[in-house]
Protein chains: 2
Amino acid sequence: MSQHRPGGPNGRAGGVPALPDLPEATVARLPEYLRALHNLAEAGNDTVSSEELAGAAGVNSAKLRKDLSHLGSYGTRGVGYDVALLIDQIEFTLGLTQRRGVALVGVGNLGHALAGYAGFASRGFRIAALFDADPARVGELINGLHVRHISDLADVAVAESIAIGVIATPAASAQDVADALVAAGVTSILNFAPCVLSVPDGVDVRKVDLAVELQILSFHEHRKSSLTALPGGLGGGPAGLVSAAEPEEAVGT
Amino acid sequence: MSQHRPGGPNGRAGGVPALPDLPEATVARLPEYLRALHNLAEAGNDTVSSEELAGAAGVNSAKLRKDLSHLGSYGTRGVGYDVALLIDQIEFTLGLTQRRGVALVGVGNLGHALAGYAGFASRGFRIAALFDADPARVGELINGLHVRHISDLADVAVAESIAIGVIATPAASAQDVADALVAAGVTSILNFAPCVLSVPDGVDVRKVDLAVELQILSFHEHRKSSLTALPGGLGGGPAGLVSAAEPEEAVGT
DNA sequence: AGGCGCTTGTGAAGTCGTGCACAAATCGCG
DNA sequence: CGCGATTTGTGCACGACTTCACAAGCGCCT
C-alpha cells in the first residue's frame with residue numbers, strides 16, 4: 001500500500017455514514033463480500049446471515065461480522081443482514097456509487113485482455129481510454145475504443161477526469177508510464193508490470209504479478225512433495241543440489 | 001487464499017524439520033526478491049547489501065533480512081549477500097529448480113493472454129497444455145500449443161505430470177473445472193474466476209481477481225476525495241485529528 | 001406478555017507480522 | 001595484528017489482524 005491515514009476517533013452525527021477508517025485487511029475483503037451479495041440478491045435472497053455470507057465469500061463468520069461492524073450496524077440480531085442495504089453500504093464505502101473511469105496503458109498481450117475484460121464494466125468501472133507507446137498500435141480498435149498515443153494521456157485524463165490508471169506495459173517502460181500518469185493527475189495505479197514503481201506520496205499503487213502467484217503455489221508444491229517423499233527429514237541443508245538445473249533462460253521482459 | 005494444514009498440535013514427531021516452515025508473508029515476498037536479484041545479476045552485481053536489495057524489491061531492509069534469515073544464513077556480515085548464491089537458495093526454496101508444468105483451462109479473453117504471457121516461461125513455468133470446454137475452440141493454435149478439449153484433462157495432466165492448474169473460465173464453470181483438475185491430480189490451483197472454489201484438503205488455491213484490485217483502489221480514491229472535500233469534521237464529532245500521511249513504500253500485497 | 005431460539009456486535013485473548021536497535025561477524029588497511 | 005567501518009542476524013516491543021466466546025437485541029410462538 002502506499003499510504004494509510006490513521007485517523008482520529010471518527011465521530012459523525014447524522015444519518016450519513018462517516019468514513020470509518022477501515023483496517024486495510026477489511027477493505028481487501030469488502031469486494032469479495034460484495035460479489036457474494038450480488039449473487040445472493042440475484043438468487044432472490046432478501047436477508048442473509050453472517051454464516052451464509054461468510055460461506056459464500058470464503059471466510060470465517062466472525063471475521064465477516066467484525067468487518068461489517070466497522071462499516072456500522074447494518075444487521076438485525078436474530079435475523080441477519082438485509083442484502084440490498086448491505087450492497088448499498090459496501091458500494092458506498094468502496095466509492096462505487098460513481099462509475100469510475102480507468103485509463104489502460106499498454107495494449108500488448110495482457111493489455112488487450114484487460115481491455116476486453118467484462119468484469120471491470122460489471123463491477124463499477126469504465127475503461128475510458130487505451131494508450132500505447134507504439135505508433136503502430138495507435139488507432140487500433142479494441143472493444144469499441146481505439147488506442148491513442150501515450151502522449152495524449154494528460155489531455156484525455158483531464159478531460160475524462162480519470163483518477164485510476166492501469167499499467168500493462170513491459171517492466172522497462174512501467175516507471176515512465178507511472179510518471180506520466182501521475183503527471184496527468186492519476187492518483188491510483190494498478191501495476192501489472194513486474195517492477196517496483198516509485199510514486200509521490202498521495203498516490204496509491206497496487207501491484208499484481210501473475211508469475212508471483214504461480215511461484216507461491218510452486219513453493220507449496222515443493223513442500224508437499226518433500227513431506228511425502230522424505231517423512232523423516234532431509235539432512236543437512238538444501239545447499240548442494242541446485243546448480244545444474246536449467247540452462248538459465250534469461251529473465252528479460 | 002490457500003488452505004493450511006490443520007495439523008493441530010504440530011504432528012511432527014521429533015527430528016529436524018526438513019523445510020523450515022516459512023511464514024506465509026515471507027513466502028509471498030520471496031518471488032519479489034528473486035526478481036530483483038535477477039535484475040542485479042544481469043547488471044553485473046556480484047554481491048548486494050540488504051539495503052540495496054530491499055530498495056529494489058520495495059520493502060524495508062530489516063524485513064528483508066528477517067525474511068532471508070528464515071532460509072538460513074547466506075549472507076556475509078560486512079559484505080552483503082552473494083547474488084548468485086541467494087538466487088539459487090530462493091529458487092530452491094520456491095521449488096523452481098524444476099520447470100513446473102502448468103495446465104491452463106479456459107482460453108477466452110483472459111486465458112488467451114495468459115497463454116501468451118512471457119512472464120510465466122521466464123520465471124520457471126511451462127504452459128504444458130491448454131483446455132477449453134467449447135468445441136469450437138478446440139484445435140486452435142495459441143502460442144505454439146493447440147487447445148484441447150477439457151475431457152482430455154486427466155490424460156494429459158497425468159502424462160505431463162502437471163501439478164498446477166490455472167482457471168481462466170467464467171465463474172459459472174470454475175467449480176467444475178476445479179473438480180476436474182483435482183480429479184486429474186492437480187494439487188495447486190490459480191483461480192482467475194470471481195468465485196470461491198471448494199477443494200479437498202491438501203489442495204492449494206490462490207485467487208486473483210482483477211476487479212477486486214480496482215475496487216480497493218476505488219476505496220482509497222473515495223477516501224482521498226472525501227478528505228479534501230470535508231477538511232474538518234461535521235458538527236458534533238471531534239474534528240481535526242487527521243494526521244499527516246505517512247510515507248511508506250508502494251507495495252501491493 | 002413473556003420466554004425461547006437465533007443472530008449480531010464486540011471485548012478480550014491469541015497469533016502473526018513488522019521495525020527498531022544492537023551485538024556479532026567480517027573485511028580492509030595501516 | 002589490531003582497529004574501525006560495514007553489514008548481517010536477531011531479541012524485543014509494538015501494532016495489526018484473527019478467533020473465540022458471550023452478552024445484547026430481535027422476532028416468533030405460545
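Bear in mind that the values here come from a model prediction, so they are computed numbers and not experimental data. Chain naming here is simple, since letters A, B, ... match the order of the sequence lines and numbering starts at 1 in each.
- Here B:Arg223 does not pair with A:Asp204 in a salt bridge; the nearest charged N to carboxylate O distance is not below 4.0 Å.
- One atom, CG of A:Leu86, and another, C1' of C:dG9, lie 14 Å apart when rounded to the nearest Å.
- In this structure, the CG atom of A:Leu64 is 14 Å from the P atom of C:dT10, given to the nearest Å.
- Between the side chain of B:Lys66 and the base of C:dG19, at least one donor-acceptor pair of N or O atoms lies under 3.5 Å.
- Looking only at distances, a side-chain donor or acceptor of A:Arg100 sits under 3.5 Å from a matching main-chain atom of A:Gly95.
- One cannot find a donor-acceptor pair under 3.5 Å joining the base of C:dT7 and the side-chain atoms of A:Arg77.
- With rounding to whole Å, B:Leu22 atom CG is found 17 Å from C:dT18 atom C1'.
- Place A:Gly78 and A:Ala62 on DNA chain C by their nearest nucleotides, and A:Gly78 ends up nearer the 5' end.
- OP1 or OP2 of C:dT8 lies within a sub-4.0 Å distance of a side-chain N or O belonging to A:Ser50.
- In this structure, B:Asn60 places its CG atom 12 Å from C1' of C:dA21, rounding to the nearest Å.
- One finds no side-chain N or O of B:Tyr81 lying less than 4.0 angstrom from the OP1 or OP2 phosphate oxygen of C:dT26.
- Between the C1' atom of C:dT10 and the CG atom of A:Asp67 lies a distance of 13 Å, rounded to the nearest Å.
- Regarding B:Asp82, its CG atom lies at a distance of 15 Å from the P atom of C:dT26, rounded to whole Å.
- Of all nucleotides in DNA chain D, those with any atom nearer than 4.0 Å to a heavy atom of chain B start and finish, going 5' to 3', at D:dT6 to D:dC12.
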